[in-house]
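Below is one structure; the comments refer to it alone.
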Amino acid sequence: MSLKTQLTDDMKTAMKAGEKARLAVIRLINADIKRREVDERIELDDAQVLAVLEKMVKQRKDSISQFEAAGRTDLADIEKAEMAVIEAYLPAKMSEAEIQVAVDAAIAATGAAAPADMGKVMGALKPQLAGKADMGLVSQLIKKSLSA
């Protein structure tokens with residue numbers, strides 16, 4: 001079952017169960033997906049839908065930090081609830097140790113030896129780890145491994 005199909009099914013379930021908050025978030029997700037499909041005139045596959053979801057999570061994290069800095073915990077709590085619903089559709093995140101194993105394998109496969117080769121390693125890892133790992137952490141681990 002594709003992610004878009006799952007979202008549609010979950011939207012129907014949330015409607016029937018009267019879960020207004022969850023329904024609103026799923027509708028936001030579907031709207032973002034549809035907007036991107038219309039803008040780019042393509043049909044999004046699961047990987048591209050995951051990218052949309054990750055962007056939404058990142059936006060929520062930014063909003064939470066800004067709301068908390070402004071002392072608006074009520075708005076931060078709303079964003080946290082939305083983020084929890086969105087994260088339910090993302091695959092489980094990899095641990096730092098698992099990411100390091102993938103980084104080491106990619107360095108060996110690409111023959112990277114210096115920090116200048118970081119782009120090669122990142123290019124090899126990005127499709128493999130998209131949605132499964134924090135790409136900022138992946139970048140840090142690559143830098144650390146190539147600098148050593």
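Residues: numbered from 1 along the sequence shown.
Val49 is not listed as a side-chain neighbour of Asp45, based on a closest heavy-atom distance of 4.5 Å or more. Side-chain contact between Ile86 and Ile29 is present, with at least one heavy-atom pair separated by less than 4.5 Å. Residues Lys61 and Gln66 form no side-chain contact, since every pair of their non-hydrogen atoms from C-beta on lies 4.5 Å or further apart. Under the 4.5 Å side-chain criterion, counting only non-hydrogen atoms from C-beta, Ser139 is in contact with Met118.
Using a 4.0 Å cut-off between charged side-chain N and carboxylate O, Lys80 and Glu68 make a salt bridge. Under 4.0 Å is where a charged nitrogen must lie from a carboxylate oxygen, and between Asp39 and Arg35 at least one such pair does. Ion pair Asp74/Arg72 flagged as a salt bridge, since at least one NZ, NE, NH1 or NH2 atom sits closer than 4.0 Å to an Asp/Glu carboxylate oxygen. A salt bridge between Glu87 and Arg60 is absent, with no side-chain N of the basic residue lying under 4.0 Å from a carboxylate O of the acidic one.
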Please assess Met15 against Arg22 for the test side-chain contact (heavy atoms from CB on, under 4.5 Å), listing each intermediate value before the final yes or no. CA-CA 9 Å; Met15 271 190 239; Arg22 181 175 162 80; over 6 Å; no
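No side-chain N or O of Thr13 forms a donor-acceptor pair with one of Glu19 less than 3.5 Å apart.
Connection of Ile99 to Val101 is not established within any shared hydrophobic cluster, with ILVMFWY side chains joined at heavy-atom distances below 4.5 Å, either directly or through further cluster members. Each of Met94 and Leu90 belongs to its own hydrophobic cluster when Ile, Leu, Val, Met, Phe, Trp and Tyr are linked at side-chain heavy-atom distances under 4.5 angstrom. Taken together through direct or relayed side-chain contacts under 4.5 Å among Ile, Leu, Val, Met, Phe, Trp and Tyr, Leu137 and Leu146 form part of one hydrophobic cluster.
Partners of Met135 under the side chain to side chain contact (heavy atoms under 4.5 Å, CB included) rule, at least two apart in sequence or in another chain, are Met122, Lys126, Leu129, Val138. For Ser63, the side chain to side chain contact (heavy atoms under 4.5 Å, CB included) partners at least two apart in sequence or on another chain are Phe67, Glu79. Residues forming a side chain to side chain contact (heavy atoms under 4.5 Å, CB included) with Thr5 (at least two apart in sequence, or on another chain): Met1, Ser2, Asp9.
Listed by first and then second residue, the salt bridge (charged side-chain N to carboxylate O under 4.0 Å, His left out) pairs involving residues 46-56 amount to none (not counting sequence neighbours). Within the structure, salt bridge (charged side-chain N to carboxylate O under 4.0 Å, His left out) pairs that include any residue of residues 131-147 do not occur (at least two apart or interchain). Listed by first then second residue, pairs satisfying salt bridge (charged side-chain N to carboxylate O under 4.0 Å, His left out) with a partner in residues 91-120 read Asp117-Lys120, not counting sequence neighbours.
Among Met11, Lys12, Lys16, the one residue that satisfies the side-chain contact (heavy atoms from CB on, under 4.5 Å) test with Leu23 is Met11.
Residue Leu44 holds its CG atom at 5.0 Å from CD1 of Ile42, rounded to the nearest 0.5 Å. With rounding to the nearest 0.5 angstrom, the CG atom of Asn30 is 5.5 Å from the OG1 atom of Thr8. Here CD of Gln48 is found 9.5 Å from CD of Glu43. Values are rounded to the nearest 0.5 Å. Note that CG of Leu28 and CD of Glu82 are 6.0 Å apart. Values are rounded to the nearest 0.5 Å. Here the CD1-OG1 distance, from Ile64 to Thr73, works out to 12.0 Å after rounding to the nearest 0.5 Å. Between atom CG of residue Leu3 and atom OH of residue Tyr89 there is a gap of 8.5 Å, rounded to the nearest 0.5 Å.
Here the closest non-hydrogen pair linking Ala102 and Leu125 is O-CD2, 3.5 Å.
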